[in-house]
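Below you'll find the structure, written out as C-alpha cells, and then a few comments.
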Amino acid sequence: MIARLRILGVAFFISLSTFGQTVSDYFEKIRNNDALLTAFFAQMPKGGDLHHHYSGSIYTETYIDYVVSNNYFIDRKTLKVSEKKPPGDDWADFSTLKQEGTFAEYRQKLFQKWSVKDYNHVDYPSDKLFFETFAGFGVASRAEIDKGLLEIKNRAKKENVSYIETLFVNAPCPKDLTDLTDFARKLRDGQAKKDTAACLVLLDSLYTAIQAKNVRECANTFLNETLNRLHTSLKIDDDQFTMRYQSYVVRTVEPVELFKAMIVAFEAAASSPLVVGVNIAAPEDNEIAMSDYWLHMLMFRYCHAKYPSVKYTLHAGELALGMVKPEDLSWHINSAIYLAGANRIGHGVDMPYETDCYDLLRYMSRKKIAVEINLFSNEFILKIKDDKHPISLYQAFNVPIVISSDDAGVLRTNLTEQYVLLAKRYKQISYQDIKQYVFNSIDYSFIEEERLKKSLLNDLKQRFAKFERSVPGVRH
Ligand SMILES: [Zn+2]
C-alpha cells in the first residue's frame, strides 16, 4: 500500500513538473539522450543548409544504381569505375559480376570506397579517404543531375529543411590558356614577396587576357543549358522548399587555370539570381592549396572589385594541428576575412591558432560574418570534436553561427544529426541559441530576392510555432 502511494506520488510529481514546462525545459531534460534528441531535431524546422556540396550530399546507393543500370566497368583490384572498358584484364562490367554472383561483394566495396561506410579508423587516413571519394564516384555524379537534385530536395523536405545553398557542378570552360602560363611564375614571384600591389596589376592584365577569350560564354552556356533548365523543369522551388546554388573553384589547380575558373564562377553569380555566391573548395592542406593560399585570397579581393554585388563564402581553416606546420594554422581565416573579404567562412576550425584570434572574432561579430559549422565532417576529416572544436569560441564572441551538413552522402549523415551532436556536446548552447542558429541560416544566406528571404523567415516562424506546440508536456 505504502509502495503504491509512493508510486502515485512520483507520478503526481512528474505530472506537476511537466505541467507548464517550456520547450527549453523539455530540451534540457533530453539533451543527454541521443534518441530523444534525434526525435526532437528531426521534427524541428532547420531553415537552411548553407554549407552543402551537391555531389557529396548524394548517397552512394544512387551512384551505384547509375553505374549498374548503365553497365559500366569496374577494375576488380582498384575499384575504379569507367564508362568504357579500359585496357587490362582486371576490368569487368556489372552484368558479368551479377552473372558470376560477386556483385554484392563489389557493391559493399564500393560503399567503402565512395563513402565512410564501415570505416574502421585504422586502415586508411580518414581525410584521404574522404577526399578520394569524389574522384571515385565522379563518373556517376556528373550524370543524372536531375535525379541528384530531386534526391537532395526530397530528403531536405522530409528533414524539415526549407532552403539549401549547394555548391553545384562547375561550368566547364575548356579555353586554351597556354599562352598565359608565364603569369603563374610572375604571380608566384609576387606572392613570395607578398607584393599586393604588383600582384593586383598582374591579375588585372590576366583578367583582360582571359576575358578576351570569351570565358563569359562558358558561364552563360552553363546557366542556360544546365542550371536554369534543370531548376525550372524539375520545379525545384515550391511552397515548402527553395534551392539556390554556389559556383566554386578548386584550390588545388595552377593559378592561371584557377583564376579562369574564378572569373567564370563570378560571371555566373553576377548574371543569375539562382547562383547566389562563389566558394573555394578541395583539401586545404594540399601542396598547391597551401603554397598559393595567399594568392587565392588576393584573387577573391580582385574579383570583389570587379563584381561588387557577388557574395562569397570561403572554406577557411579546415585544418588541425599535425596536418600542417603550426604556423600555417595561424593565418588562413585571417586572410579569408581581411584580405579576401569573405562574407561567410566555412569550417573555421583552426580559429584558436589564428594570429590575434580575439580581434578576428570581434571583427567577425561586428561585421556579421557568419561561420558555417560542420560538426560531423570536422570529426571525421580533422578528428576535431567535443571541446577541441572552436564552436564555443565563436559563441563566446557572438559570431553568427549556422549549422550545416557539408557532405551528408559521403559522410552517411544528415542535418538532424548535426543538431544532435551540437546539443549533446555543447551544454552551454541553449534551445534559444539553437533556434537563433536556424534563423541565421536564412538571415545569412546569400538569397538575392528580399521578398523570398522574408517569406522563408515567415514560414520558419510558423513552422516553429507548430513544432513547439507538438513538444511533449509543453504548456500552450
Ligand atoms: Zn565543404
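All heavy atoms count here, side chains included; hydrogens, waters and symmetry mates do not. If you read the sequence from its start, that first residue is 1, and numbering goes on from there.
For Lys435, the side-chain contact (heavy atoms from CB on, under 4.5 Å) partners are Tyr431, Gln432, Phe439, Phe464, Glu468, not counting sequence neighbours. Tyr437 meets the side-chain contact (heavy atoms from CB on, under 4.5 Å) test with Gln395, Ile401, Ile403, Leu422, Ile429, Asp433, Asn440; sequence neighbours excluded. Pro125 pairs by the side-chain contact (heavy atoms from CB on, under 4.5 Å) definition with Asp127, Lys128, not counting sequence neighbours. Applying the salt bridge (charged side-chain N to carboxylate O under 4.0 Å, His left out) rule to Asp239 yields no partners; only residues at least two apart in sequence or on another chain are considered. Residues satisfying the side-chain contact (heavy atoms from CB on, under 4.5 Å) test with Lys325, not counting sequence neighbours, are Glu327, Asp328.
Note on residues 359-378: pairs passing ring-ring contact (aromatic ring centres under 6.0 Å, His included), not counting sequence neighbours, are Tyr338-Tyr363. Residue pairs that meet the salt bridge (Lys or Arg N to Asp or Glu O under 4.0 Å) test with at least one member in residues 443-456, sequence neighbours left out, are Arg244-Glu449. Among pairs with a residue in residues 330-355, those fulfilling salt bridge (Lys or Arg N to Asp or Glu O under 4.0 Å) read Glu165-Arg344, Arg344-Glu372, at least two apart in sequence or across chains. Counting only residues at least two apart or in different chains, salt bridge (Lys or Arg N to Asp or Glu O under 4.0 Å) contacts with residues 299-310 are absent. Pairs engaging residues 146-172 under the ring-ring contact (aromatic ring centres under 6.0 Å, His included) rule: Tyr54-Phe168, Phe168-Tyr245 [sequence neighbours left out]. Here salt bridge (Lys or Arg N to Asp or Glu O under 4.0 Å) pairs that include residues 47-67, with residues two or more places apart or in two chains, are Glu61-Arg412.
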Distance-only donor-acceptor hits, side chain of residues 274-284, under 3.5 Å, sequence neighbours excluded:
unit_1 : atom_1 : unit_2 : atom_2 : d
Asn279 : OD1    : His315 : ND1    : 3.1
Asn279 : ND2    : Gln246 : OE1    : 2.9
Glu284 : OE1    : Gly317 : N      : 3.2
Glu284 : OE1    : Glu318 : N      : 3.0
Glu284 : OE2    : Gly317 : N      : 2.8
Glu284 : OE2    : His332 : ND1    : 2.7

Please determine whether ring-ring contact (aromatic ring centres under 6.0 Å, His included) holds for the pair Phe397 and Tyr394, giving the CA-CA distance in whole Å, both sets of side-chain angles, and the decisive distance to 0.1 Å. CA-CA 5 Å; Phe397 280 81; Tyr394 286 106; 9.2 Å; no
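A cation-pi arrangement, defined by a distance under 6.0 Å to the six-membered ring centre and an angle within 45 degrees of its axis, is absent between Lys153 and Phe241.
Counting only N and O atoms by type, the side chains of Ser441 and Lys46 include no donor and acceptor under 3.5 Å apart. For Thr166 and His52, the side-chain atoms include at least one donor-acceptor pair closer than 3.5 Å.
Ring to ring, Phe467 and Phe40 are close: their centroids are under 6.0 angstrom apart.
Other residues, nucleotides and ligands place more than 12 heavy atoms under 6.0 Å from the CD atom of Gln428.
Classification of the Phe130-Phe380 ring pair by plane angle, with boundaries at 30° and 60°, yields tilted.
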